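What you see is a predicted model; the values in this text were computed from it and never measured. The analysis underlying the following values was restricted to heavy atoms, covering all of them including side chains, and did not include hydrogens, waters or symmetry mates. Chain letters run A, B, ... following the sequence lines, proteins first and then strands; every chain starts at 1.
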Protein chains: 2
Amino acid sequence: MLGETTRDRRQERREATKNEILEAAWDMAREGGLASLSLRDLARRVGMSAPSLYGYFDSKMAIYDAMFGQGAQQYLEYARNRPRSGDPLEELQLGMRNFVAFCTEDPVRYQLLFQRPIPGFEPSPESYAPSIEGLALVRQQLADAGLTDQKALDLLTAIGNGLADQQISNDPGGDRWTRLVDDAMEMLFDHMTKKATKARGRTKK
Amino acid sequence: MLGETTRDRRQERREATKNEILEAAWDMAREGGLASLSLRDLARRVGMSAPSLYGYFDSKMAIYDAMFGQGAQQYLEYARNRPRSGDPLEELQLGMRNFVAFCTEDPVRYQLLFQRPIPGFEPSPESYAPSIEGLALVRQQLADAGLTDQKALDLLTAIGNGLADQQISNDPGGDRWTRLVDDAMEMLFDHMTKKATKARGRTKK
DNA sequence: GTCTATATTTGGATAGAC
DNA sequence: GTCTATCCAAATATAGAC
């Protein structure tokens, strides 16, 4: 059949082990912070010696890179599968709820994807690709809702970033800031339509 | 005279050296990030050996702590000396402009004060004191402008945090987000007065 | 593939002479 | 106060046997 090839059991096993290593890496990062990841501890956690990890990843940075790729892929799916609405305001609210939920659901993932706290780490083009695709998708979703003004988009990202950040930093596990999402989006929406009206006025004059 | 005592030239010299060390530490952090601070390099930078630093600070954490104290003190002065206005909206705008300017002026200081990126670092009560005083002052300034609703304050901090963070992360040295401050405050102000009106309606009914 | 042993670097911190 | 010498711990990464 087209695109199908013989199953390579060796390769499958190898991928499974890589995933097992990455899962353990996420666990470690969630416990002690991203920077706390050490190859010794990681190896012990998956039941092998530290040098054996090099059979699966070229370096510690390669592990961070793979984690970044997983996170970006997860975000892409999050953005693809979220509920949609025909109403622009509701669409804005659903989109932002989705974003903030994604961020607060796993603070370490948020940190890795959006805050770049690892000195010297830059994601490779391969790992970055789904991230770009995700951003393009969100941008398209917003455009569908009639949101194309760059300043409004910048303000939107600032609000989203700020809500997620405050929630994670100052009320982890709670909802002190996440509950403000709908209200904040209503505020932004009102503000945009008000400015759009004024702008039309100026144009017609 | 009251409160005046004999000058202690030894003590003065010591304080001067401590400040010199802290200045060098800020420089290092600005160049390679907060986490890059190493006692060896720091010592070389001020022209002494690494162990000599222990004559001035008990540990590396004590240096971070002193830096935190300096930053908090600077914020307090920033909040005290900012321009004021009798008009509530203008007051909101001036306050937020002040905050975002403080944050973007020195990203490393922002990181140390508001993001706590050093694993295991917690500021001591002495270093934290000016920070508390600064927060209380800002809170009072906002109350003077008629802003006391907790949800509105939370939304305000999220917006401030978000604007500063986006500016620092995505357009360092530019003004892509800082220029949105006045507009964002107008938006928040409109939203608050609208909600306040609605709330009054409900109460009177 | 996985291991043991080891190289190498780098860091914070201490001891003790001067 | 400042230095040299040193300790100790932890980290990434490599060599080479099995």
Could you tell me how far apart [X] ([atom1]) and [N] ([atom2]) are, to the nearest whole angstrom?
X	N	atom1	atom2	value
A:Lys60	D:dA13	NZ	C1'	12 Å
A:Ile21	C:dT2	CD1	C1'	12 Å
A:Arg40	D:dA13	CZ	P	12 Å
B:Arg44	D:dT4	CZ	P	13 Å
A:Leu39	C:dT8	CG	P	19 Å
B:Ile63	C:dG11	CD1	P	14 Å
A:Tyr64	D:dA11	OH	P	11 Å
A:Tyr54	D:dA13	OH	P	4 Å

Base, sugar-phosphate or nothing for [X]? Non-hydrogen atoms, less than 4.0 Å.
X	value
B:Leu53	nothing
B:Leu42	nothing
B:Arg10	sugar-phosphate

[X] side-chain N/O to [N] phosphate OP1/OP2 under 4.0 Å:
X	N	answer
A:Ser49	C:dT2	no
B:Ser52	D:dC3	yes
B:Tyr56	D:dT2	yes

TODO: Start with the C-alpha distance between B:Leu153 and B:Arg139, add both sets of side-chain angles, then the distance that settles side-chain contact (heavy atoms from CB on, under 4.5 Å), and finish with yes or no.
DONE: CA-CA 9 Å; B:Leu153 289 172; B:Arg139 201 186 173 79; 4.3 Å; yes
Check [Y] with [X], please: is the shortest side-chain N to carboxylate O separation under 4.0 Å?
X	Y	answer
A:Glu91	A:Arg82	yes
A:Lys195	A:Asp149	no
B:Lys151	A:Asp183	no

- [ ] Could you work out which one of D:dA15, C:dG12, D:dG1 sits closest to the side chain of B:Ser38?
- [x]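 Selected nucleotide: C:dG12.
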- [ ] Could you please name the option among C:dG1, C:dT2, D:dG1 that lies closest to any side-chain atom of A:Met48?
- [x]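 Of all the options, the side chain of A:Met48 is nearest to C:dT2.
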TODO: Between B:Thr17 and A:Leu37, just flag the one whose closest nucleotide in DNA chain D comes earlier from the 5' side.
DONE: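 This one resolves to B:Thr17.
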- [ ] Describe, in one word, how the ring planes of A:Phe68 and A:Tyr128 are oriented to each other, choosing from parallel (under 30°), tilted (30 to 60°) and perpendicular (over 60°).
- [x]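 Plane angle under 30°, so parallel.
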